[in-house]
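To start, the structure itself, in structure tokens.
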Amino acid sequence: MEESSMPLKPHCLILSYPSQGHINPMLQFAKRLLHKGVKVTLVTTKSISKTLHGSSTCTSIPLEVISDGFDSGGIGAAGSPEAYLERFWKVGPETLSELVERLIFRGPPPTCIVYDSFLPWALDVARKFKLVGAAFFTMSCAVNSVFYHCQKGWLEVPVKKQVLLPGMPPLEPHDMPSLLCDLATYPGFTGMLVNQFSNLDKVDWVLCNTAYELDPEVADWFMKILPFRTIGPTVPSTYLDSRLEQDKEYGFSIFEPDHDTTMRWLSTKPKGSVVYVSFGSMAELKTDQMHELAMGLKRSNCYFLWVVRSSEAEKLPQGFANCTETSQKGLIVTWCPQLEVLVHEALGLFVTHCGWNSTLEALSLGVPMLAIPQWTDQATNAKYIMDVWKMGLRPLVDEERGVVTSEEIEHCLRKVMEEETRKKMKENAGKWRKITKDAVGEGGSSDRNIEEFVAKLGART
Ligand code: UDP
């Protein structure tokens, strides 16, 4: 066969929104595609690429960059989320087109763009170059359905009363993505989340980072109306099916983990005794909430490992980080190897903001949770953690102050650490652990969907 008439090998550009919670799942998906023989190139913004600490596990995946219009400083340099998104939406498509042109010239040419659903303009770029376009959703089925209903005008916002949506438990306003209850705080982000669905009628694939079995009714509902497939959870393979060699970590981290200090400290603690506290890479807690949390941990008398990012450190009560009581019971780090922490035998409980990656990690690794959601999709994830997957408790928020008090935290910590509650949650944990493992394992629901995606990609190119 002449070289020019040979079918092109599938080559996917995997375009991620520039944040830790988006790079992690898209990079993991890229690894799964690579494992199935697809060439992959990870694409993110120049600004975030400068902050990434790489690791040897993903050197085989090349990284390319586009511009968000703020190559030095990213969103932090933009002044406001609105200013950032406006400029990104203008410069992003132009520089993505330039990248595609460069890759066509240099080879191997891309045949598909798997783009973060936060960046729907990437589909226009895919169309311009006649490439397959796949939207990748980094949030849960339920959250996607809520935003889809909103985009279609089927959901009245701001949400002020109970909402009933297909396949979901009744959702109270405090279970809804916060951006749909409080439209004024982050109008730019609200618009971005709703607009994820604006052009899906033209897309070839809608890929969602979840396991079908975690939310089958909503997944079925989506499959009836869109080319929707579940492909997750995108937790590194070592913790699930072990089919990808040496796949123990995501690979690119915006923050540098305090690995040795964390693991050394954990190794000195009794089995199941440690409360791990983390609010992910973006959430900003009220100072009042940080104080209540610190006091709640102290009152519970549990061992605790608390991730407090440098930008949040000044909100800790004065002297708390260095006092003798804290050093006897706790360790505060600026970032940690979360997966290694979650599987550690000393771990008893995860106090989480319920970011979707953290939620999937805890479900996959069988760790009970105390759900303290802060914003965006986290409240809906918290609802599912407590009422659907029955893998945790959600402390009540003091309505007047808008925080979870130290008494409530202490009460919930004691309850979850109690033998009886822990036993029940551990039983559920075993179930979800098996389900997530089976989904990505050979012939599992997500594995079959990825196989189908790869097969059609090969057929199209
Ligand atoms: N993470 C980590 N170390 C930490 C805290 C978080 O590696 O100290 C990782 C965590 O494993 C997860 C990601 O950062 O994969 C956070 O994503 P998530 O969706 O939970 O929250 P976000 O940061 O997007 O709010």
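Just so you know, residue 1 is the first one in the sequence shown, and it goes up from there. Counting starts at 1 for both ligands and their atoms, in listed order. Reckoned from all heavy atoms, side chains included, excluding hydrogens, waters and symmetry mates.
Here the side chain of N195 pairs a donor or acceptor atom with the backbone of G191 at under 3.5 angstrom. A donor-acceptor pair under 3.5 Å links the side-chain atoms of K329 to the main chain of N301, judged by distance alone.
If you look at N24 next to ligand 1, the close heavy atoms, those under 4.0 Å, all belong to the side chain. Contacts with ligand 1 closer than 4.0 Å are made by no heavy atom of F279, backbone or side chain. Contacts of C336 with ligand 1, taken as heavy-atom pairs under 4.0 Å, involve both backbone and side chain. Both the backbone and the side chain of W335 come within contact range of ligand 1, each with a heavy atom under 4.0 Å.
Between D258 and R264 there is no salt bridge, since no side-chain nitrogen of the basic residue lies less than 4.0 Å from a carboxylate oxygen of the acidic one. By the 4.0 Å N-to-carboxylate-O rule, D175 lies close enough to R394 to be salt-bridged with it. The existence of a salt bridge linking R414 and E410 is confirmed by a sub-4.0 Å separation between a basic side-chain nitrogen and an acidic carboxylate oxygen.
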Side chain to side chain contact (heavy atoms under 4.5 Å, CB included) between F137 and F147, worked out: CA-CA 12 Å; F137 282 75; F147 282 114; over 6 Å; no

Begin from the C-alpha positions of I332 and F320 and carry the test side chain to side chain contact (heavy atoms under 4.5 Å, CB included) through to its verdict. CA-CA 10 Å; I332 299 179; F320 180 80; 3.9 Å; yes

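Using the six-membered ring where Trp is involved, F228 and F222 have ring planes that are parallel, under 30° apart on the 30 and 60° scheme. Using cut-offs of 30° and 60° on the angle between ring planes, the pair F304 and W306 is perpendicular. Between W432 and W389, the ring planes lie perpendicular to each other; the angle is over 60°, past the 30° to 60° tilted range. Using cut-offs of 30° and 60° for the angle between ring planes, the W89 and W121 rings count as perpendicular.
How far CG of L365 is from CZ of R433: 5.5 Å, rounded to the nearest 0.5 Å.
Near S358, with a cut-off below 4.0 Å to any heavy atom, the atoms of ligand 1 are 18 (P), 20 (O). Applying the 4.0 Å criterion to heavy atoms of G355 picks out, from ligand 1, the atoms 18 (P), 19 (O), 20 (O), 21 (O). Applying the 4.0 Å criterion to heavy atoms of G280 picks out, from ligand 1, the atoms 23 (O). Residue V307 has at least one heavy-atom neighbour below 4.0 Å for each of these atoms of ligand 1: 8 (O). The distance from ligand 1 to the heavy atoms of W356 drops below 4.0 Å at these ligand atoms: 19 (O).
Considering both main-chain and side-chain atoms, Q20 never comes within under 3.5 Å of ligand 1 through any nitrogen or oxygen pair. Polar contact with ligand 1: absent for Q378 (N/O pair, distance under 3.5 Å). Ligand 1 has no N or O atom lying under 3.5 Å from any N or O atom of S278, backbone or side chain.
At the top of the distance list for atom 19 (O) of ligand 1, counting protein heavy atoms only, stands N357 ND2, 2.8 Å. From the protein, the heavy atom lying nearest to atom 23 (O) of ligand 1 is S281 OG, 2.4 Å.
Of the options H22, E249, Q338, the smallest heavy-atom separation from atom 10 (C) of ligand 1 is shown by Q338. Selection from Q374, M282, E361, H353 by nearest heavy atom to atom 25 (O) of ligand 1 gives H353. Which of G21, S19, P257 comes nearest to atom 24 (O) of ligand 1 through a heavy atom is settled by distance: it is G21.
The closest approach between Y250 and ligand 1 falls below 4.0 Å for a heavy atom of the residue. Ligand 1 does not have L339 within reach: every non-hydrogen atom of the residue lies 4.0 Å or more from it.
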